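Below, chain A is the first sequence line, B the second, and so on; all start at residue 1. Being a predicted model, the structure only gives us computed values, none of them experimental.
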Amino acid sequence: MSHVRVRFAPSPTGYLHVGGARTALFNWLFARKHEGTFILRIEDTDLERSSPEMIEGIIEGLRWLGLDWDEGPYLQSERLAFYRARAEELVASGWAYYCFCDPEELAVKRQQALAEKRTWKYEGTCRRLSAGEVARRIAAGHPRAIRFKVPEEGVTRFADRVYGEIEVRNESLEDFVLLRSDGYPTYHLSVVVDDADMRISHVIRGADHLSNTPKQILLYRAFGWEPPIFAHAPLILGPDRQRLSKRHGAMSVTAYRDMGFLPEAMRNFLALLGWSPGDPSREILRTSELIELFSLEGISRANAIFNFEKALWMNAEHLRAMSATELFPFVRAELEKEGLWREEYAQDRQDWFLWVVDLLKVRARTLRDFVTSGRPYFSDDFPMDPEAIQKNLRTSSAVKGLLLELADRFERLEPFDLQTTEQVLRGLAEERGVKAGVIINAVRTALTGSAVTPGIFDVIVAIGRERTVRRLRHVAAALC
RNA sequence: GCCGCUAUGGUGUAAGUGGUUAACACGCAGGCCUCUCAAGCCUGAGAGUGCGGGUUCAAGCCCCGCUAGCGGCACCA
């Protein structure tokens with residue numbers, strides 16, 4: 001394959017949603033796989049709906065996902081003269097014409113047709129204007145757009161790498177606008193001109209553009225340019241099979257960051273929405289594997305449904321697969337946000353910290369879990385779950401005495417480690433004729449406020465002798 | 001309304017050139033392990049491949065029709 005050049009070309013009319021992120025990811029994977037170039041281009045020609053903040057938001061999303069681009073970001077708003085020149089060229093070559101029709105009048109007609117369920121197509125009024133009439137109106141200063149002259153007969157076809165041969169009769173297309181009367185290009189013009197100018201080899205984008213592609217093919221031909229290879233990816237729908245929208249909750253990729261998703265897991269999950277390596281048993285894939293396996297052939301045609309449960313599962317899998325060292329920066333950021341971070345965790349307490357991360361990651365589904373179920377390890381201020389108290393601390397009147405006795409024995413235990421704490425606890429259980437589980441569960445809740453934790457001796461050692469003894473006595477004192 | 005695309009358990013995907021009881025993963029139910037919960041391991045329920053025809057000895061794979069969903073049809077992208 002000659003040099004691969006692909007692009008992600010969002011319009012900054014909203015944040016980076018999962019659909020856009022998936023499209024960006026496909027382009028990025030394809031570029032990395034073929035050692036090609038990944039270009040970021042901002043399609044901000046809709047001055048009303050675009051904003052610099054949205055550009056920032058999209059870039060933030062791409063950065064978080066780790067989708068780095070090799071060129072750009074190019075802003076279409078800075079290339080307006082270029083599009084105008086191209087549009088004028090088409091007028092000169094007879095492929096386009098000036099249109100003086102009033103947009104508002106056309107909109108009225110269009111709406112009327114729609115209301116009556118009739119098909120409406122621009123009649124081509126200005127297409128038939130004489131040269132003299134055109135010159136007269138220009139001289140009179142009439143506002144004018146430029147429309148493309150769609151051939152009246154024939155079909156336009158192209159081979160999509162995902163959907164196969166797509167064919168449309170030209171008569172079903174209307175003479176679409178290339179340049180608006182305010183001098184701004186429409187999408188069809190700018191996208192074709194830029195893809196050609198930037199020598200894009202493969203256009204990988206959402207299937208919502210499939211129906212528009214024939215118009216663009218027509219434009220490439222009119223310009224005398226070779227079209228790129230097109231590959232359309234199926235859309236991502238919500239669980240109700242409707243297009244993803246606010247009512248499905250998190251649409252922005254940064255919302256997944258905030259929920260504690262790993263970029264690695266998000267890339268994995270997004271990659272599998274509308275693409276498959278062909279082996280359904282291998283789903284947990286690191287990014288390097290995604291790059292290796294990615295191909296346009298694996299893109300499916302049916303719309304994909306976003307399954308949040310599966311995304312969570314996948315995140316948990318990645319969490320478990322990553323070492324504490326790899327997880328360190330993510331967990332640190334999470335603790336910092338909660339005000340639980342201490343510099344010593346990066347210094348002399350780092351071994352302890354990494355060990356705790358290893359303990360917690362087994363049960364974690366998101367990074368948030370490190371500051372929720374992880375809280376008792378990093379702070380003395382953690383919530384006590386009433387149900388856990390009921391279940392583990394109020395089971396028997398003996399619990400109070402057992403906790404106090406255990407605290408006493410732990411206080412003078414030397415050394416204080418996994419083996420010795422287990423010996424002491426089990427010894428106490430045997431002496432008093434209670435099941436070890438009763439003491440274990442009571443200690444679990446006394447130390448963490450929860451009924452669900454890692455193995456109890458890990459918890460005891462992680463929390464440490466001093467805090468363990470203090471918490472046991474404190475909880476025992478509260479029991480009557 | 002017109003044009004286009006798609007259709008395999010609840011979800012995501014498999015099932016080279018049509019060939020036995022449609023596979024895997026998530027989820028779900030139950031069990032083992034066990035100090036809880038996860039993880040892991042074992043077992044199970046769940047689709048006859050949108051519907052209806054056709055071709056064929058044989059169809060999820062081919063053909064036709066229908067239905068549904070989605071997308072497009074803007075001086076939005």
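Using a 4.0 Å heavy-atom cutoff across all strands shown, A/R365 reaches no nucleic acid atom at all. The residue A/N212 sits close to a base: some heavy atom pair falls under 4.0 Å. Residue A/R444 is in base contact, counting any heavy-atom pair closer than 4.0 Å across all strands shown. Counting non-hydrogen atoms under 4.0 angstrom, A/H209 reaches a base of the nucleic acid. Here A/V362 lies in heavy-atom contact (under 4.0 Å) with a base. A/P10 comes within 4.0 angstrom of nothing in the nucleic acid, heavy atoms only. Counting any heavy atom pair closer than 4.0 Å across all strands shown, A/I166 reaches sugar-phosphate atoms only and no base atom. Contacts of A/A145 with the nucleic acid, taken as non-hydrogen atoms under 4.0 Å apart, include base atoms. In this structure, A/T45 reaches the sugar-phosphate backbone alone: every heavy-atom distance under 4.0 Å involves primed, P, OP1 or OP2 atoms, never a base. Backbone-only engagement by A/R110 is indicated by non-hydrogen atom pairs under 4.0 Å involving sugar-phosphate atoms exclusively. If you check every strand for non-hydrogen atoms under 4.0 Å, A/A302 touches sugar and phosphate atoms only.
Checked for salt-bridge contact, A/D195 and A/R41 meet the test: a charged N lies under 4.0 Å from a carboxylate O. A salt bridge links A/E326 and A/R286; the closest N-O separation between the charged side-chain nitrogens and carboxylate oxygens is under 4.0 Å.
OP1 or OP2 of B/rC76 has at least one side-chain nitrogen or oxygen of A/R180 nearer than 4.0 Å. Contact between the side-chain N/O atoms of A/T13 and the OP1/OP2 oxygens of B/rC76 is not found at any separation under 4.0 Å. The phosphate of B/rC75 (OP1 or OP2) has a side-chain N or O of A/R147 nearer than 4.0 angstrom.
With pairs defined as Watson-Crick or G-U wobble and both atom distances under 3.5 Å, the stems of at least three pairs that touch RNA chain B come out as B:1-7 with B:67-73, B:10-13 with B:23-26, B:28-32 with B:40-44, B:50-54 with B:62-66.
Only one option out of A/Y187, A/Y163, A/F230 pairs with A/H209 in a ring pair (Phe, Tyr, Trp, His ring centres under 6.0 Å); it is A/Y187.
Put simply, the side chain of A/R49 and the base of B/rC76 share a donor and an acceptor less than 3.5 Å apart. Side-chain atoms of A/S211 stay outside donor-acceptor range of the base of B/rC3, with no qualifying N/O pair under 3.5 Å.
A donor-acceptor contact shorter than 3.5 Å links the side chain of A/N27 to the backbone of A/I204.
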